[in-house]
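Right, one structure below, let's go through it.
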Amino acid sequence: MIAYLFPYFPSAEVSPEVKESDERLRFQFVSIGYQVLGESLAESEESLVKDQGLQQNTLSFRTLCQATLAATLAALSPRYAPQLTEALDATAKRLSAGLPNQLLDAIQVQVAAVKGAIGKNGGDGSEAEIISSMARGDFEAAQEAIDKLKDEKKRLSWGELLLKARVKTHLGRGELFEALSIARKMRDGTQKMLLLAEIAKVAHEKREPDLLTTILYEVKRTSADALPKGIYAVALLTIAAETAHFAPTEAMLMLQDGVATINSLADVGAKEQKGSRSKPILNDPSSFADSAELMRAFSALGEKDLERTLSIANRLENKAVQMVARLATVERAVEKGLPKSSSKDRSQ
């Protein structure tokens with residue numbers, strides 16, 4: 001809902017009637033959002049663990065959602081609920097404490113999108129202009145606004161977001177080679193992998209094997225050293241699933257790398273958890289027990305080579321994740337059923 005009301009990727013120009021409707025919707029969003037946030041904060045993590053059996057990764061994701069909502073409401077409150085501004089500022093600051101820098105950056109980008117949508121500049125006055133320019137697809141103006149930023153770290157961060165917006169725009173137009181060309185420029189290896197995975201999905205749908213081959217080559221050139229490794233593993237699994245049918249050998253190698261990355265998360269997540277209870281959301285191996293990407297990858301490759309895919313599934317050290325991977329591997333074989341024997345065979 002937040003991204004729908006306050007987009008930071010190109011969207012169509014709206015009429016005055018729609019703008020008036022948006023304004024009413026924002027009032028409602030602040031009112032209902034504040035109520036939802038209060039009810040969520042009233043639930044203790046202890047009760048959620050005891051009564052609903054929530055795991056740490058789910059609680060971490062819950063904290064991220066609460067922080068994002070609180071920061072969004074804090075940005076909106078001066079205009080739509082000024083009496084709540086002080087309380088929301090304090091809540092947003094408290095919930096954001098301890099979140100990884102990458103997630104904090106994402107929250108700040110969303111806050112900038114909010115300020116840009118309601119015509120309120122923040123920071124040094126250029127960030128809302130960047131969001132506004134990207135939302136209307138004026139990437140040249142967005143780049144000019146980015147160049148005006150005094151903070152080099154912010155320039156790099158916004159530059160990456162601009163590249164991502166350009167990739168999304170080309171994908172929406174079906175311009176896959178243009179999207180890939182821009183994705184290659186990404187500095188953030190993890191975000192680059194996620195974009196490559198998105199391009200691979202569309203390329204698979206459009207039956208573009210040559211493009212998928214190029215994507216595989218680009219994946220191999222992308223460093224796996226950047227954290228969060230959990231997201232990197234998701235990207236590997238996604239690309240393995242999308243390339244399984246036309247390049248099963250390369251996809252199988254990608255699956256192996258994904259499993260090795262997931263296994264490495266046990267140590268990474270343990271180290272991060274010492275510093276913050278929110279960080280394991282990015283690097284918790286148990287979170288892959290309900291990963292759609294993992295299930296799709298093992299299912300697609302299991303159909304190609306059941307025995308080898310099962311062997312790779314058995315390498316997963318987390319037993320719950322290993323079980324999910326094994327079940328996904330045999331899924332399509334079970335659906336097809338065992339070969340029917342002839343009456344002669346049955347008589348024997």
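None of the values given here were measured: they were computed from a predicted structure.
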[atom1]-[atom2] distance between [X] and [Y], expressed to the nearest 0.5 angstrom:
| X | Y | atom1 | atom2 | answer |
| --- | --- | --- | --- | --- |
| Lys206 | His204 | NZ | NE2 | 13.5 Å |
| Lys148 | Arg155 | NZ | CZ | 13.5 Å |
| Thr85 | Leu76 | OG1 | CG | 10.0 Å |
| Leu211 | Leu216 | CG | CG | 10.0 Å |
| Asp210 | Ile215 | CG | CD1 | 11.0 Å |
| Glu208 | Thr213 | CD | OG1 | 11.0 Å |

Can you list the residues that meet the side-chain hydrogen bond (donor to acceptor under 3.5 Å, both in side chains) rule with [X], with sequence neighbours excluded?
| X | result |
| --- | --- |
| Ser47 | Ser44 |
| Gln35 | Glu39 |
| Asp147 | Gln143 |
| Ser311 | none |

Please give me the minimum heavy-atom distance between [X] and [Y], naming the atom from each residue.
| X | Y | result |
| --- | --- | --- |
| Phe288 | Ala233 | CZ-CB, 3.8 Å |
| Gln256 | Arg308 | NE2-NH2, 3.4 Å |
| Gln66 | Leu37 | O-CD1, 3.9 Å |
| Asn318 | Pro285 | ND2-C, 4.3 Å |
| Leu64 | Ile107 | CD1-CD1, 4.2 Å |
| Ala300 | Arg332 | CA-NH1, 4.0 Å |

Side-chain heavy atoms under 4.5 angstrom apart, residues restricted to Ile, Leu, Val, Met, Phe, Trp, Tyr: same cluster for [X] and [Y]?
| X | Y | answer |
| --- | --- | --- |
| Val334 | Leu310 | yes |
| Leu294 | Leu253 | no |
| Ile182 | Leu156 | no |

Mark yes or no for whether [X], through its side chain, and [Y], through its backbone, hold a donor-acceptor pair below 3.5 Å.
| X | Y | result |
| --- | --- | --- |
| Thr91 | Ala87 | yes |
| Ser157 | Lys154 | no |
| Arg62 | Ser40 | yes |
| Thr309 | Leu301 | yes |
| Gln322 | Glu317 | no |
| Glu160 | Arg187 | yes |

Would you say [atom1] of [X] has more than 12 non-hydrogen atoms from neighbouring residues, nucleotides or ligands within 6.0 angstrom?
| X | atom1 | value |
| --- | --- | --- |
| Glu86 | CD | no |
| Arg315 | CZ | yes |
| Glu140 | CD | no |

Who else is in Leu327's hydrophobic cluster (ILVMFWY, side-chain heavy atoms under 4.5 Å, direct or via others)? Met323
How about [X] and [Y]: do any of their side-chain heavy atoms sit closer than 4.5 Å?
| X | Y | result |
| --- | --- | --- |
| Phe29 | Leu69 | yes |
| Asp51 | Glu43 | no |
| Lys185 | Lys192 | no |
| Ile262 | Leu237 | yes |
| Ile312 | Phe298 | yes |

For Ser31, check side chain to side chain contact (heavy atoms under 4.5 Å, CB included) against everything at least two apart and list the hits. none
Could you check Glu198, Lys201, Met193 and say which one makes a side-chain contact (heavy atoms from CB on, under 4.5 Å) with Thr238? Lys201
Can you spot which of Thr214, Leu171, Leu195, Val167 makes a side-chain contact (heavy atoms from CB on, under 4.5 Å) with Leu180? Thr214
In plain terms, say whether Glu242 and Arg296 are close enough for a salt bridge, that is, a side-chain N and a carboxylate O under 4.0 Å apart. yes
